[in-house]
Amino acid sequence: MTIRDDGPGFPPGLLARLGEPYVSGRSAAAREAAGNMGLGLFIAQTLLERSGGQVSYANPRSGGAAVAVRWKKPTFTV
């Protein structure tokens, strides 16, 4: 599953760190004023990984941002 938008994309300096706790593209003052700590993406990624998913982030050449979640096809033995 890939989710894309047509905004400015992820800040290049944060792209490699997305999914880590306390990482945000907002300034410290903006985070404090809004009352957030940069944990939402970390929590979402952790839950997806616990379900067997792999999460990746990118800035496509066509613009915007993209988040891909992939799960391996389950194999069952009887």
Side-chain angles (χ1 to χ4, degrees):
M1 171 176 61
T2 301
I3 302 156
R4 297 176 188 241
D5 74 9
D6 59 358
F10 295 112
L14 294 181
L15 193 56
R17 297 183 53 219
L18 287 172
E20 294 178 11
Y22 307 110
V23 172
S24 174
R26 297 178 182 167
S27 69
R31 284 193 309 271
E32 188 173 319
N36 68 53
M37 298 170 46
L39 291 174
L41 196 56
F42 167 72
I43 292 168
Q45 179 173 321
T46 299
L47 293 172
L48 287 164
E49 288 173 346
R50 286 185 183 179
S51 75
Q54 294 179 328
V55 183
S56 61
Y57 308 94
N59 288 330
R61 291 181 187 195
S62 59
V67 178
V69 183
R70 290 183 173 77
W71 288 269
K72 290 183 180 178
K73 182 177 178 180
T75 56
F76 298 98
T77 57
V78 180

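Counting all heavy atoms, side chain and backbone alike, S51 lies closest to W71 at OG-NE1, 2.9 Å. Between T2 and A66, the shortest heavy-atom distance links the atoms CG2-CB, 4.2 Å. Across G19 and F42, no two heavy atoms sit closer than the pair O-CD1, 3.2 Å.
Note: the hydrophobic cluster containing L47 does not contain V67 (ILVMFWY, side chain heavy atoms under 4.5 Å, direct or indirect links). A single hydrophobic cluster is seen to contain both L41 and M1, as judged by linkage of ILVMFWY side chains at heavy-atom distances under 4.5 Å, directly or through other members.
Residues passing the salt bridge (charged side-chain N to carboxylate O under 4.0 Å, His left out) test with R17 are E20, sequence neighbours excluded.
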Give the table of side-chain donor-acceptor pairs shorter than 3.5 Å for residues 54-64, with sequence neighbours excluded, one pair per line with atom names and distance.
from, atom 1, to, atom 2, distance (Å)
Y57, OH, Q45, OE1, 2.6
N59, OD1, F10, N, 2.7
N59, ND2, F10, O, 2.9

